[in-house]
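Structure record follows, encoded as structure tokens.
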2 protein chains.
Amino acid sequence: MFFSKTCEYAIRAVLYIAQKSEEGRKVGIREIAVGIDSPEPFIAKILQVLSKKNLIQSAKGPNGGFYVDKGSRDTTLADIVEAIDGDRLFVGCGLGLSNCSSAKPCPLHTEFQVIRDKLAATLRAATIIRFNDELNLGLSYIKER
Amino acid sequence: MFFSKTCEYAIRAVLYIAQKSEEGRKVGIREIAVGIDSPEPFIAKILQVLSKKNLIQSAKGPNGGFYVDKGSRDTTLADIVEAIDGDRLFVGCGLGLSNCSSAKPCPLHTEFQVIRDKLAATLRAATIIRFNDELNLGLSYIKER
DNA sequence: AAAGTAAAAGAGTTTTTAATCTTTTATTTT
DNA sequence: AAAATAAAAGATTAAAAACTCTTTTACTTT
């Protein structure tokens, strides 16, 4: 819809990890893949990227896995999106014009600006731990079926 | 950004055609490609699709080309987007869950609904001829540089 | 009717995105 | 120290999207 498939998986995975981190435990790739219905090797690759950018943390070896530390508690979905899809959603032109600007706008420039701002605000307000409670209560889902 | 590249070209091309149709003339693929900065054979393919779906009209032979007839004057950008990208923008889940619904929502469901509705309303209100004047006046652009 | 013009149709290529597989490195437990 | 565990790294494959090329069909003008 708005994000690449890679990014959709990334968000769901991070929300899953954040949820389990709240319980103080690390989660392995296998569990994550099952927990969010994603191809295991694919989500592994994605998490590697997020881990290298320090948006999430990881530990090797027995009892290892992915988790979020105190410092990552205020990571937002905007950070995840930016890390995976770049800033195209936040700065790109809706009609694909590379030099679109308020000085030389595409016909949809102003109207899209409003929508884009709203989207950006939503993602920036969405910390990755904010959804923990409703996920725990079964009020929302990050997995098929 | 929101649309596929194909769809971006499609919108720009249709706005271009609508603008020239106002002057009562048909435009060939060559002129359109130059007018909106797009690869000529690619936009040709795209216009074929739109023409077959009768969102725009075409005429073969000398003095032929693409145009929009009276009946297509209230075609909207929503129609173009739907014809090219399908309904994913209007109905798909932001996190890629195929069974996401208000009964079983993803964590972003409600917030995305607002944004999506705004986007849909914008596109549905945007008839393809609505931008003619501002394009003619050079107040907005559908071409690079 | 012939020649020329322009889109339609269809097949093909390239690039990007999505997904997989194999090997290596780090860590922990016994 | 050895064995087991789990992520990191890197190479590879598959599928989809973007883009191109060639041939055909329809139409118009002369």
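Each chain gets a letter, A, B and so on, in the order its sequence line appears, and its residues count up from 1.
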**Message:** Does the structure place the NZ or CZ of A/Lys20 under 6.0 Å from the centre of the six-membered ring of A/Tyr16, at an angle of no more than 45° from the ring's axis?
**Reply:** yes
**Item:** chain A footprint on DNA chain C, 5' to 3' - any atom under 4.0 Å from a heavy atom
**Value:** C/dA18 to C/dT29
**Prompt:** Which atom names give the shortest non-hydrogen contact between B/Phe66 and B/Ile56, and what distance separates them?
**Reply:** CD2-CD1, 3.8 Å
Using a strict cut-off of less than 4.0 Å between a Lys/Arg side-chain nitrogen and an Asp/Glu carboxylate oxygen, indicate whether [X] and [Y] qualify as a salt bridge.
{"X": "B/Asp37", "Y": "B/Arg12", "value": "no"}
{"X": "B/Glu111", "Y": "A/Lys118", "value": "no"}
{"X": "A/Glu31", "Y": "A/Arg25", "value": "yes"}

**Prompt:** Which residues in residues 88-97 of chain A have at least one heavy atom lying under 4.0 Å from any atom of DNA chain C?
**Reply:** none
**Fill in**
The correct set of residues in residues 32-66 of chain A placing a heavy atom under 4.0 Å from DNA chain C is A/Pro39, A/Pro41, A/Phe42, A/Lys45, A/Lys60, A/Gly61, A/Pro62, A/Asn63
**Asked** Given axes from five pairs at either end, by how many degrees does the helix from C/dA1-D/dT30 to C/dT30-D/dA1 bend, rounded to 10°?
**Response** 10°
**Step-by-step side chain to side chain donor-acceptor pair (under 3.5 Å) determination, B/Asp85 to B/Ser4** = CA-CA 7 Å; B/Asp85 284 346; B/Ser4 70; 2.6 Å; yes
**Prompt:** Does some side-chain heavy atom of A/Asp74 sit less than 4.5 Å from a side-chain heavy atom of A/Ile128?
**Reply:** no
**Message:** Could you check whether any side-chain heavy atom of A/Leu89 comes within less than 4.5 Å of a side-chain heavy atom of B/Phe2, counting everything from C-beta outward?
**Reply:** yes
**Asked** Can you hop from B/Ile142 to B/Leu55 via hydrophobic side chains spaced under 4.5 Å?
**Response** yes
**Prompt:** How far apart are the C-alpha atoms of B/Gln57 and B/Ser51, what are their side-chain angles, what is the distance that settles it, and do they pass the side chain to side chain donor-acceptor pair (under 3.5 Å) test?
**Reply:** CA-CA 5 Å; B/Gln57 285 66 47; B/Ser51 169; over 6 Å; no
**Listed once per pair and sorted, the salt bridge (charged side-chain N to carboxylate O under 4.0 Å, His left out) pairs that draw on residues 38-52 of chain A, sequence neighbours left out** = A/Arg30-A/Glu40
**Strand-adjacent residues in residues 6-30 of chain A, judged by heavy atoms under 4.0 Å from DNA chain D** = A/Val27, A/Gly28, A/Ile29
**Request:** Starting at atom CD1 of B/Ile84, determine the distance to atom P of D/dA18, rounded to an integer number of angstrom.
**Result:** 11 Å
**Request:** Spell out, as yes or no, whether a donor-acceptor pair under 3.5 Å connects the side chain of A/Arg124 to the backbone of A/Leu119.
**Result:** no
